[in-house]
Amino acid sequence: MTYAVESANDLRRTHMCGVLTEADTDREVVLMGWVQKRRDHGGLIFVDLRDRWGVVQVVFSPEYSQEALNKADRIRSEYVIAVVGRVQKRPEGTENPNLATGAIEIHVAQARILNAAKTPPFYIEDGVEVDENIRLRYRYLDLRRPEMQRALELRHKAAKTTRDFLDGRGFIEVETPMLTKSTPEGARDYLVPSRVNPGSFYALPQSPQLFKQILMVSGIDRYFQIVRCFRDEDLRADRQPEFTQIDMEMSFVSAEDVMEVTESMIAEICRQATGLEVKVPFPRLTYQEALDRFGTDKPDLRFGLELVDISDVAAGCGFKVFRSAVQAGGLVKGILAPGCGGYSRKEIDELTQFALTYKAKGLAYFIVTEDGLKAPIAKFFSEDELVAIRTRFGARPGDLILFVADQPTVVYATLGALRRLLGERLDLTKDAGYRFTWVVDFPLLEFNDEEGRFVAVHHPFTAPREEDILLLASEPGRVRAQAYDLVLNGVELGGGSIRIHRRDLQEKVFEVIGLTPDEALEKFGFLLEAFDYGTPPHGGIAFGFDRLVMLLAGRGTIRDVMAFPKTQSASDLMTDAPDKVSRRQLRELHIGLDIQKVDK
RNA sequence: GGAGCUGUGGUGUAGCCUGGUCUAACAUAUCUGCCUGUCACGCAGAAGAUCGCGGGUUCGAAUCCCGUCAGCUCCGCCA
């Protein structure tokens with residue numbers, strides 16, 4: 001099949017499709033764009049012409065141009081066309097109030113088909129329910145959809161506001177290397193082989209952490225960067241192998257200073273990008289309080305359903321599962337599911353299955369009735385105990401109470417997840433707005449059973465609280481960090497800290513996390529050395545920019561606010577990356593493959 | 001590394017549990033013809049699917065079983 005495609009070289013676009021209004025009536029315009037829809041009435045053809053700014057109706061009629069009408073006959077969806085015509089008010093009664101440009105239309109005098117298009121594999125419109133497979137494979141078509149374009153515009157605005165705001169506060173944006181050094185701790189690195197240094201590898205940065213600290217040593221004082229980071233870990237709805245951070249660092253500041261700048265910046269981004277007014281300062285929770293009340297260090301404050309501790313009651317009760325959990329140093333906590341007392345056996349089983357994925361051994365429950373708490377386990381409790389439990393939860397008939405008895409980490413993880421699930425299921429998150437919170441007073445270190453050593457909760461450059469420094473040697477697990485996380489609606493948006501700026505203290509922390517002096521020198525010698533040359537006290541923060549934009553856009557995954565995201569198996573369905581490379585490329589890089597041949 | 005969900009014309013679904021009138025249904029998109037005020041245009045007609053892939057059970061598999069691939073959600077992992 002052949003089709004005539006025409007040049008637009010001698011035509012200049014005068015307006016964007018979506019911007020025309022009644023004020024442009026009688027204006028001669030040249031428009032270019034994609035055909036959203038053609039409505040052929042035989043002697044009269046309507047075409048909805050689309051660009052990033054919107055849609056406008058163009059009309060082909062023998063009254064305006066028979067030649068153009070003939071051309072319109074060949075036009076199909078997603079053809080790229082140019083039209084020359086006159087803006088006219090629509091005839092009385094044919095205005096379309098659903099369209100921004102619905103009061104006017106373009107009477108076409110001349111038309112050109114700039115490019116034909118195959119029928120797209122899915123509709124170019126908002127709210128499509130297409131397998132994400134197909135959207136990703138044809139990402140260029142997916143990105144034609146208005147809601148995707150709005151997301152990218154929102155992302156741009158957020159980035160621009162960030163730059164404007166930080167510029168106004170004396171920050172400068174400094175680029176740091178993408179080809180850098182692999183360091184221990186943290187996520188798996190993406191490695192890049194060095195051709196000129198056989199056997200040596202660069203790592204793509206997990207974050208510019210060390211470079212920004214070095215910039216503080218350099219006296220940059222206020223640094224920021226909107227920067228790509230790479231982590232070779234498994235993906236989630238809010239985790240991609242490459243993602244973008246707003247990375248900041250300041251000298252001569254306290255945690256309070258960093259939090260103040262951050263709050264103002266976030267508020268400004270919300271205002272500029274979405275018109276949303278958020279109140280500052282943001283509320284604060286301590287790490288322990290967050291765990292106790294919400295079971296997580298990134299609580300969703302849009303709803304209550306707080307965890308309730310009944311360990312004291314459980315310790316003396318007749319239910320062995322509860323009693324022995326407390327005896328073993330664990331906790332018994334529960335969550336009230338309002339109005340869920342009618343849940344069927346099957347529904348409760350499903351919740352139990354859910355709990356099992358968080359390592360809980362089971363889920364105990366009471367159904368609240370007019371006559372008190374009912375459940376198979378009720379017989380193990382005295383009347384007083386039942387009343388105490390019911391009172392503590394403020395339970396009312398028709399409610400369901402769910403319990404986990406286990407070691408604290410399991411109790412927190414399970415009930416935290418259960419709380420999130422119930423919040424969604426009971427529709428408590430809908431239209432509940434944007435609830436920011438700081439989480440502070442993190443422990444500096446935690447003991448990792450698998451590795452048999454202490455590891456940094458944030459990263460090893462985080463400063464301990466002054467008054468806890470002495471504990472580093474005696475009780476490392478009790479040292480609190482000068483760290484702060486920013487959480488929005490249950491999503492960890494960012495985290496930061498005041499950093500260590502003294503060599504001796506940094507060496508001490510390395511020691512506590514099990515780095516030998518030699519290893520510390522080999523991996524972080526440049527930082528330690530820099531600290532010897534007059535390093536100011538400094539601190540900063542880094543945000544998951546994709547996550548922030550995701551929440552502002554009201555989406556459930558950062559893939560929807562990234563132009564070209566990867567699938568859960570870290571591949572790009574459009575380009576087919578990652579891919580095999582030629583033997584020659586490998587030879588140049590001094591790389592030999594050692595892949596087990598699998599029998600097929 | 002593990003658990004769960006999904007995979008049926010271009011797209012979205014039904015059918016699957018309980019195998020056979022499934023020679024696979026519906027909507028929409030597509031194509032052809034008609035149509036001068038539509039904007040979810042309308043009307044008439046047509047074409048389009050070996051049911052993700054491989055194997056097994058069976059007289060017979062979209063349907064049951066095993067394996068595998070892909071996408072998604074989650075656990076682990078993510079300083």
Side-chain angles (χ1 to χ4, degrees), chain A residues 1 36-49 55-64 69 76-78 90-99 101-102 105 118-125 127-138 141 183-189 206-207 209-210 229-241 243 350 353-360 410 413-414 417 420-421 442 444-446 448 450-451 454-462 481 483 492 495 497 509 513 515 542 544 556-557 559 566-569 571 573 598 600:
Chain A
M1 189 186 79
Q36 177 70 33
K37 187 83 188 179
R38 185 185 68 130
R39 289 179 296 279
D40 184 350
H41 289 244
L44 185 70
I45 294 176
F46 299 98
V47 166
D48 292 336
L49 194 62
V55 167
V56 68
Q57 173 165 283
V58 301
V59 187
F60 297 84
S61 159
E63 285 178 47
Y64 318 139
L69 179 65
R76 294 293 181 271
S77 287
E78 299 308 312
R90 291 198 187 186
E92 185 94 34
T94 65
E95 300 89 353
N96 184 351
N98 300 321
L99 208 59
T101 60
E105 60 192 13
K118 287 166 85 169
T119 303
F122 51 85
Y123 309 118
I124 309 300
E125 64 186 29
V128 286
E129 283 176 29
V130 187
D131 203 277
E132 205 165 345
N133 244 329
I134 297 169
R135 289 177 54 201
L136 291 173
R137 163 120 198 274
Y138 299 95
L141 296 180
T183 54
E185 304 286 304
R188 222 172 271 121
D189 284 321
Q206 297 177 28
S207 86
Q209 182 62 33
L210 296 176
C229 301
F230 305 85
R231 293 178 192 175
D232 186 6
E233 296 293 348
D234 286 340
L235 290 83
R236 289 286 189 281
D238 61 355
R239 271 165 41 186
Q240 284 271 311
F243 62 99
E350 279 168 9
Q353 282 303 315
F354 179 79
L356 294 183
T357 66
Y358 295 88
K359 302 263 159 58
V410 173
T414 308
R420 209 171 44 192
L421 180 75
F442 279 84
L444 185 72
L445 305 159
E446 68 187 353
N448 184 302
E450 212 168 293
E451 303 196 31
F454 279 96
V455 297
V457 170
H458 277 91
H459 55 57
F461 316 106
T462 297
E492 183 192 328
S497 61
V509 170
I513 63 172
L515 275 185
T557 163
R559 295 189 300 278
K566 292 180 176 54
T567 67
Q568 196 159 50
S569 50
S571 54
L573 296 182
V598 182
K600 279 272 169 169

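Order of the sequence lines sets the chain letters (A, B, ...), proteins ahead of strands, with each chain counted from 1.
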Considering every strand and a 4.0 Å limit on heavy-atom distances, what is the contact class for [X]: base, sugar-phosphate, or nothing?
{"X": "V457(A)", "result": "sugar-phosphate"}
{"X": "Q36(A)", "result": "nothing"}
{"X": "S571(A)", "result": "sugar-phosphate"}
{"X": "T183(A)", "result": "nothing"}
{"X": "Q209(A)", "result": "base"}
{"X": "Y64(A)", "result": "base"}
{"X": "Q57(A)", "result": "base"}
{"X": "R559(A)", "result": "sugar-phosphate"}
{"X": "R76(A)", "result": "sugar-phosphate"}
{"X": "P184(A)", "result": "nothing"}
{"X": "V130(A)", "result": "sugar-phosphate"}

Proximal nucleotide (of rG71(B), rU73(B), rC77(B)) relative to the A237(A) side chain: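 Ranking rG71(B), rU73(B), rC77(B) by closest atom to the A237(A) side chain puts rU73(B) first.
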May I ask you to evaluate whether [X] reaches the phosphate of [N], defined as a side-chain N or O under 4.0 Å from OP1 or OP2?
{"X": "T567(A)", "N": "rG71(B)", "value": "yes"}
{"X": "S77(A)", "N": "rA29(B)", "value": "no"}
{"X": "R236(A)", "N": "rC77(B)", "value": "no"}

Any strand: nucleotide that pairs with [N] via Watson-Crick or wobble, under 3.5 Å:
{"N": "rC43(B)", "result": "rG33(B)"}
{"N": "rA49(B)", "result": "none"}
{"N": "rG7(B)", "result": "rC69(B)"}
{"N": "rU57(B)", "result": "none"}

Short heteroatom pairs, N/O only, protein and nucleotides 40-43 of chain B, under 3.5 Å:
residue: rC41(B); atom: OP1; partner: K37(A); partner atom: NZ; Å: 2.8
residue: rC41(B); atom: N4; partner: D40(A); partner atom: O; Å: 2.2

Identify the pairs formed between an N or O of the protein and an N or O of nucleotides 3-10 of chain B at a distance under 3.5 Å, and give each distance.
residue: rG10(B); atom: O2'; partner: P121(A); partner atom: O; Å: 3.2
residue: rG10(B); atom: N2; partner: Y123(A); partner atom: OH; Å: 3.3

Pairwise C1' distance, rA40(B) and rA29(B) [rounded to whole Å]: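 Comparing C1' positions in rA29(B) and rA40(B) gives a spacing of 13 Å.
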Salt bridge D234(A)-R239(A), side-chain N to carboxylate O under 4.0 Å: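 No.
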Earlier contact from the 5' end, RNA chain B, for E95(A) and E185(A):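 Nearer the 5' end of the strand: E95(A).
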Nearest-nucleotide comparison on RNA chain B, the residue closer to the 5′ end among G43(A) and L99(A):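 The answer here is G43(A).
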Side-chain (E105(A)) to main-chain (V59(A)) donor-acceptor, under 3.5 angstrom: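 Judged by distance alone, no pair lies under 3.5 Å.
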